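What follows is a single structure, written as C-alpha cells, with notes after it.
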Amino acid sequence: MLFNKKVGAPMQRKSFVTGLFVILAGLFLTLWSAKPAQAAEKHYTIGTDVTYAPFEFANEKNQYVGIDIDLMNAIAKTEGFTVTIKPVGFNAAVQALEAGQIDGVIAGMSITPERQEKFLMSKPYYNVGVVMAVKQGSKIKSLKQLKGQRVAIKTGTAAANYALSVKDKYGFTTVTFDDSNNMYQDVTTGNSVACFEDSPVMQYAINTGLKLSIVTKPANPTGYGFATNKKNTELMAQFNAGLKKLKANGQYTKILQKYLGTGSKKSQAAANKKTQETDRSFFGLLKANWGTLMGGLQETLLVTVVAIIFATIVGILVGLLGVLPNAFARGISITFIYIFRGLPLLVLALFIYTGVPSLIGAKVPAFLAGIITLTLNEGAYTAAFVKGGIEAVDVGQMEAARSLGLPFGKALRKVILPQGIRIMVPSFINQFIITLKDTSILSIIGILELTQTGKIIIARNMEGFKIWTMVALIYLVIITLLTWLSKWVQKKVQA
Ligand code: ASN
C-alpha cells in the first residue's frame, strides 16, 4: 500500500516539475531576448558614480546625463567607439576597474599620484578643490570647530582622503557613505555636523536646493580625469585625442555651459529643474517613474528566475551528496554548505565580481557574477534542507526498502525521496521568496535591478519616502504572487 502510492506519485510530479521548468526557461529566454543586442564596433563599459551632479546624474526620464556622460559620449563619437555607462557608485566603479571588470571610469575623479600609480589617467578636463559644507544656519564655520564632532565622508574619494589627513589635527571622527546624497542627508538631518566634497559638486547641489552651506575655501586642488587600467593605452589615447578635439571645436565649452549655465545660482536651478518631475505627488512620481521601475523589476525577476533554477539544481545535487553512504561525498556536501551558507551574501557578491576576476585575469559580467553568487548561497541553503528532509524520513523506511531487495539508489529514489520532498516543499517556497529579496543586494555590483533603480531615482529627486514606498510595494506584490503560485504548487505536489 505504502509502496504503491509512493511509486506512482513521482511520475506526476516529474511531469509537473518538467512543465514548471519549461515555463521558467521560456520566461528567461523571453526576458533575455528583450535585452538590446551588442553593437559590432569597438565597445567599452565605463563605470560612473550613482549621482554626482553636474557630472553624472539621472534626468527625469532616468537617463544618465551630465558633463562626464556628455563628454564620454561625444569623445566616443569622434573616436569611433561605443560605450555603455554603468552607474555603480564611485568606489564600486574604481574597484571594478581595478579588477578589470570594466574598461574605464569617468566619475568626477580627481587625478592623484596614488591613482596614477594604479591606473592610466587622462589629461585633466575640469579643475576642482575640496570644500567643507555644514547645515544652513550651523554655528560651525571652520575646521577648528570640528573638535569632538562627527563628519560625513564618501568612501574612497579624494575629499575623504583630505578629511582623513586633517582628522587628527582637528580632532573629529568620521562616518563613511557610499554616495554623495546619503552623505549630504547625514548633515541635513544633523547626525554629522559637516561633510567634505568637491567644490563644483557641492555648489551645484546647494544651488539646486540642498540646505547646506560651504564654509571653507577650496583646498587640495586637483583636475578631474578619465581612468583606465594600465594596459588600456588605446582607449586612453582615444580619450585624450577626443578631448583635445572637443576643446578645439567648442563642444567642450558647450557641454559645460549646458550643465553649469552661466555659473549663477539661478541658471543652475533652472538647468536642474528641467531634470525633475513636475508633479511631485505620489501618483505623479509613480507615473513619471513607472517605466524605469518596471525595467528594474524586469531585471529583478530575470535574476530571480535564473538564480532559482540554478540554485535548486545545485542544492538538490549537493543535498543528495550529503546523504550518500560515502564519506567523501558527504564531506563535499558539508563543506559546500558550511562555506556558502556561512558567507554573507554581500561579501560573496563582491568576492566574485571584484575578487575573482583579478585572480583569473578575465571579466565576470555583473549578471553572471550575480547568478553565481545567488546560486552558491541559495544553493547551500537548499542543500541543507534537502539533506535534512531526506534525513528526516524514518531510517526504518530505508531498512524496509533494502530488506525488500531494492538497491540503495532505487530505495532512495522510490521510497525516501517522495516522502522527503513533501517535507521539503515549504522550505523550497521559502527559499524562492528569499532569493527574490536577496537580489536587492546585487545592486552593489551594479545590476540595475529594482533596488538600484530606486536608489538612482532618489539620488535625483530626493523623494526617498515616496520612492522607497513604491519599491517596497512592488516587492510585496511580487512576493504575494510568488507565494500564491507556490501554495498552488504545494497543493499539487502534496495532493
Ligand atoms: N570626486 C571624487 C574623487 O575624485 C569622486 C566622486 O565622488 N565621484 O575621489
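Below, all heavy atoms of this structure are taken into account, side chains as well, without hydrogens, waters or symmetry copies. Keep in mind that this is a model prediction, so the values were computed, not measured. Note that ligands are numbered from 1 as they come in the structure, with each ligand's atoms numbered from 1 the same way. Counting begins at 1 with the first residue of the sequence.
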- Message: Can you classify the ring geometry of F196 versus F172 as parallel (below 30°), tilted (30 to 60°) or perpendicular (above 60°)?
- Response: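 F196 vs F172 ring planes: parallel.
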- Y126 ring center near F55 ring center (under 6.0 Å):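 Yes.
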- Item | Every residue of the protein that comes under 4.0 Å of ligand 1, judged on heavy atoms | D49, Y52, F90, A107, G108, M109, S110, R115, K154, T157, A158, D198, Y224
- Tell me, which pairs form a ring pair (Phe, Tyr, Trp, His ring centres under 6.0 Å) where one or both residues lie in residues 83-109, sequence neighbours left out?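 Found none.
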- Trace of the salt bridge (charged side-chain N to carboxylate O under 4.0 Å, His left out) decision for K154 with D198: CA-CA 11 Å; K154 176 172 156 196; D198 294 351; over 6 Å; no
- Message: With salt bridge (Lys or Arg N to Asp or Glu O under 4.0 Å) as the rule and sequence neighbours excluded, what pairs involving residues 127-143 come up?
- Response: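 Sorted pair list comes back empty.
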- For Q238, the side-chain hydrogen bond (donor to acceptor under 3.5 Å, both in side chains) test, sequence neighbours excluded, returns none
